[in-house]
Structures are given as C-alpha cells and as structure tokens.
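In what follows, chains are A, B, ... by sequence order, proteins preceding strands, each numbered from 1.
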There are 2 protein chains.
Amino acid sequence: MAQERPLPSVVQRMWGREPVSRRGPRPRLDLATITDAAIGIADAQGLAGVSMAAVASRVGVAATALYRYVDSKEDLLTAMADGVVPPPPEPDGTPWRDYLARWTRIQRDLLLEHAWLLSVARLVPPLGPRRLLWLDRALTALDGTGLDPGEKINVVTSLTGYALTDAALVHGLTGGDPQMEGAAISGAADYGEVLAGLVDPETYPSLTAVMSTGVLGGAEGWVDDGDFTFGLDLLLDGVEALIGRKG
Amino acid sequence: MAQERPLPSVVQRMWGREPVSRRGPRPRLDLATITDAAIGIADAQGLAGVSMAAVASRVGVAATALYRYVDSKEDLLTAMADGVVPPPPEPDGTPWRDYLARWTRIQRDLLLEHAWLLSVARLVPPLGPRRLLWLDRALTALDGTGLDPGEKINVVTSLTGYALTDAALVHGLTGGDPQMEGAAISGAADYGEVLAGLVDPETYPSLTAVMSTGVLGGAEGWVDDGDFTFGLDLLLDGVEALIGRKG
DNA sequence: ACCTGAACACCGTTCAAGT
DNA sequence: ACCTGAACACCGTTCAAGT
C-alpha cells in the first residue's frame with residue numbers, strides 16, 4: 001500500500017550514526033562540519049549562496065565529495081534545518097503557560113535570525129535530534145495539565161505553526177532586513193500605503209475600512225511585538241480553556 | 001531611512017495594469033496566460049518542473065520572451081501564488097465562527113491540492129487581488145463582533161498561519177502523496193515507528209511517553225481531519241473568549 | 001515594443017579513475 | 001572507502017539583432 005521510500009540516510013547521520021568504515025582511508029569530514037559550513041553561508045548570503053560547490057570549497061574538498069555524506073542537496077537542507085536549532089530551555093517546573101510562551105517566542109526569533117529557514121520546505125514533521133528535543137520539552141511542560149497525548153501534540157503543533165507564520169509575516173513586511181523590524185515594508189511606502197494604491201473600496205469594502213484606521217501602517221502595525229504577544233495569547237487562551245474543561 | 005526598493009512591477013500587472021503600448025507589435029501574451037501555464041506545470045510536476053524554458057515552451061514563446069512580463073523567476077512565483085487562489089465564499093451574514101472555520105479549511109485544502117505553494121516563500125503579506133479578497137471577506141465576517149481593526153487583522157493572520165502549518169505537516173507526513181492523506185508517513189514505517197528507532201528514552205522522556213500511546217502512529221495520528229478541527233477550535237475558542245470580553 | 005537566438009556564468013549530479 | 005576531475009544536462013538571465 002505505502003510505497004517503499006525509506007528514510008533518507010541523512011537522518012541516520014543527523015543522529016550521529018556515521019557508518020563504521022573499516023577499509024580505506026579515514027573520512028576527512030563529517031555531516032556536522034558540512035552542515036555548519038552550509039549554515040554559515042546561508043546566514044551570510046541567504047539560501048542562494050548555498051551551492052554544493054560553495055559549501056565544498058568552504059570545507060576544503062571538491063563539490064562531488066559531499067555526496068559521500070548527503071544523497072542530495074535537499075538532504076543537506078534538511079540537515080541544516082536541524083543543525084541551526086539550539087537546545088531548548090528546560091521546563092524545570094515552570095508553569096506551562098509561561099514556558100510555552102517563551103518556547104514559542106524563541107522559535108520565532110530563531111526563524112527571523114536565520115530567515116532562510118522560511119524557505120526550507122521540510123521543516124515538519126521534525127526528524128532531527130535538536131528539533132525533537134524542543135518537542136520533548138514542550139510536552140514535558142504540559143505534564144500535569146490533564147491533557148491527553150493527542151491534545152498535547154496538537155497544542156504544540158499549533159504553537160510551532162504560530163511561530164512560523166509570524167516570522168514569515170514579519171520577514172515579508174520588513175523585506176528581511178533585520179534593522180527594519182517594526183518599521184515599514186521594504187521600499188518607500190509601507191504596506192498600508194501600497195494597498196491603498198491597489199485596492200478599490202467596492203470590491204474590498206472591509207479591507208478599505210481597516211486600512212483607513214492605519215493599523216496596517218508601519219511601526220504601529222502588523223509587525224510589532226505586541227501583535228506577536230496578542231496572537232500568542234489568543235492561542236494560549238484556547239489551551240487554557242481546554243485545560244479548564246478537563247479539570 | 002527605508003531603502004528605496006519599489007514594489008515589483010509584477011504586482012502592478014497582477015492587478016490587471018498591463019502597460020499601454022502604442023508603438024510596436026501587440027503583445028502575444030499577458031501575465032495571466034503565463035501564470036496559468038506555470039501553475040499547470042507545478043501541479044503536474046512540482047516546482048522543480050517550473051523552469052523559465054518549460055513555461056515559455058508551454059505558451060509557445062522563447063524562454064527569454066517571458067522577461068517582458070516578469071522581472072525574474074521569483075516574480076513569476078509570486079504571481080503564481082496569487083493566481084491559484086479561487087474566490088472566497090461570501091459571508092452573507094453567516095455567524096463569524098462558522099464562516100472562519102470554513103474559510104480556514106478551504107485555505108488548507110488549497111495548500112494541499114497545490115503543495116508546491118508550501119515552497120513559495122513570499123506568501124505573506126498578501127499583495128495580489130485574489131489573496132486580498134480572502135482577507136477582505138474574513139474581515140467582513142468579523143463585523144459586529146466588537147473587535148477593533150488591529151484585533152481583526154491578528155485573528156485572521158493566526159488563522160492563515162494555522163492553515164499553512166497544518167497543510168505543511170500533513171504534506172510532510174504523507175510525503176505529498178494525496179492518496180496517502182490520513183495514512184502513514186512516506187516509506188514503510190509511520191512516523192511513530194521512525195521516531196521509536198531514533199529517540200532514546202532518557203534524553204527524550206516525554207516524547208517517549210507520548211510515542212508509547214500510539215498517537216503519533218498512522219491513521220489515528222497527527223494527520224487526520226479530527227486533528228485539524230481540534231487545533232482550529234483551539235484558536236476559535238480563543239477568539240470567542242476575546243469577543244466575550246468585549247461584549 | 002515585442003520576440004528570438006546566441007551567449008554567459010552558473011547549477012546539481014554521474015561516473016570512471018586515482019589512492 | 002574516500003576523494004578528484006571531467007563531463008553531462010541543465011539552469012536563470014543578458015544583450016544585440018531582427019521585425
């Protein structure tokens with residue numbers, strides 16, 4: 001029924017299971033070295049700078065040598081997406097709401113710091129050791145809430161998604177320039193002004209009404225930190241209501 | 001202060017503002033024709049099949065002729081992301097919660113039908129006529145709830161994000177095979193089994209506990225429709241609580 | 001003004017050959 | 001077993017030349 005597409009071998013290597021080689025010369029590289037080099041390039045020049053040749057030259061081998069460690073460039077991107085992730089904060093008995101708010105915010109900030117992540121398709125489901133550690137700690141924070149396992153998973157998934165969407169939105173509005181966060185859309189005009197030049201009031205009545213209030217404008221608009229907190233609280237209120245129903 | 005990066009000219013064209021040309025031969029194409037051809041290829045072969053040459057050959061011109069209509073391939077992707085979107089359902093006085101639930105579900109289904117959308121970076125903020133129509137109707141549905149404009153925008157943003165995350169997750173778990181939705185992860189083993197082979201219980205205690213309940217398994221797991229509804233209700237409960245506080 | 005065709009500077013990936 | 005170097009089949013984009 002299910003087609004036989006085995007897990008990419010890069011996943012095994014992400015878990016430190018490099019194959020034991022008895023014959024031949026010792027490997028000069030490992031996956032982590034390659035991944036770190038690729039991440040460095042992506043941080044500096046974006047995903048467009050990450051060619052197999054560029055990564056290879058950074059670690060001092062020929063481009064084709066990388067294929068001893070990853071089956072394809074897509075696998076390299078998968079490994080990068082796990083490799084950028086730092087260890088999660090430890091719950092240590094923090095109230096679930098405080099912990100998950102912090103957990104979500106750090107994830108969003110990470111996405112903005114490494115905006116190329118927003119263009120990596122295979123972020124979900126998590127398969128690498130670092131992303132799964134984040135999942136584990138979020139589940140830990142929900143211990144004692146009375147939620148069943150399926151509910152916990154759904155809560156965590158929703159929060160991950162919120163971090164991702166918010167980061168994508170902020171990135172889109174600021175043009176990816178970190179200096180501009182909280183300011184205007186890239187270019188001379190801000191988002192509200194741009195829309196005003198495009199939208200006609202009869203076809204887009206509600207949007208026109210909202211635009212006229214200025215909330216889509218620059219610094220006071222969609223992008224600032226208050227909006228992140230607002231949407232996050234919306235979600236956490238939903239979770240709290242669910243927990244209340246259980247108790 | 002803000003760098004002068006004007007709106008891409010493709011945005012103007014997405015709004016039907018093709019330049020009026022007085023001299024020279026009449027254009028043989030327009031942006032919509034090109035966009036539709038590109039969408040057809042993406043639906044059939046994925047984003048990898050969408051090369052400028054392939055799109056051009058489908059509409060019967062040389063690859064380089066496309067640059068009369070888009071400044072770059074990235075602009076073409078932007079136009080595609082608006083072009084696939086159908087008109088939204090009309091609110092027509094539907095209760096806000098019913099309307100937004102339907103609105104979010106249709107968006108998620110669209111993302112799964114055209115999974116290549118998940119790899120198009122510039123989905124947000126919406127700038128095209130079709131995506132902005134969806135935004136407008138969601139705002140309309142929230143009329144009479146007492147929410148202020150900023151709150152409405154935040155609610156709608158959160159719902160868009162939820163649709164996107166859920167679609168990305170389902171796509172990731174099913175390997176993009178639409179037949180497999182609700183079934184197992186691509187490959188022989190399902191997600192739960194895969195994790196069981198990777199994770200050690202001491203480093204990932206809560207994940208191990210959740211895994212042992214089987215909720216991460218195939219059909220009953222993360223992917224089925226009940227989970228989508230569950231997370232959506234979580235969000236809508238938060239919105240309802242907010243509206244209640246206002247009333 | 002629109003489109004073509006040649007050309008440029010790249011890509012990711014394969015494969016046989018060296019060690 | 002690991003790495004190299006040549007080679008293959010592409011890319012997106014430019015630019016001068018045609019109409």
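Side-chain contact check for A:T33 and A:D30: at least one donor-acceptor pair (N or O, by modelled atom type) lies under 3.5 Å.
Under the rule for a side chain to side chain donor-acceptor pair (under 3.5 Å), the partners of B:D43 that lie at least two apart in sequence or sit in another chain are B:H114, B:W116. Take B:E18 and apply the side chain to side chain donor-acceptor pair (under 3.5 Å) test, not counting sequence neighbours, and it matches B:R13.
Side-chain atoms of B:T78 come within 3.5 Å of backbone atoms of B:E74 as a donor-acceptor pair (strictly under, hydrogens ignored). A donor-acceptor contact shorter than 3.5 Å links the side chain of A:R130 to the backbone of A:V85. With hydrogens and angles disregarded, a donor-acceptor distance shorter than 3.5 Å links the side chain of A:Y204 to the backbone of B:P129.
In this structure, B:W103 and B:T160 have side chains that are in contact, with non-hydrogen atoms separated by less than 4.5 Å. Side chains of A:R131 and A:L127 form no contact here, defined as non-hydrogen atoms less than 4.5 Å apart. Using a 4.5 Å cut-off on side-chain heavy atoms (C-beta onward), A:I106 and A:W134 make contact.
If you check residues 36-72 of chain B against DNA chain C, the residues with a heavy atom closer than 4.0 Å are B:V61, B:A62, B:T64, B:A65, B:R68, B:Y69, listed by number.
A:P27 comes within 4.0 angstrom of the backbone, heavy atoms only, and of no base.
Here chain B contacts DNA chain C (any atom closer than 4.0 Å to a heavy atom, that is under 4.0 Å), and the contacts span C:dA1 to C:dA6 from 5' to 3'.
Taking a pair as Watson-Crick or G-U wobble with both distances under 3.5 Å, the runs of three or more consecutive pairs in DNA chain D are C:4-8 with D:12-16, C:12-16 with D:4-8.
Within the structure, the side chain to side chain donor-acceptor pair (under 3.5 Å) test picks out no pair touching residues 46-69 of chain A (sequence neighbours left out).
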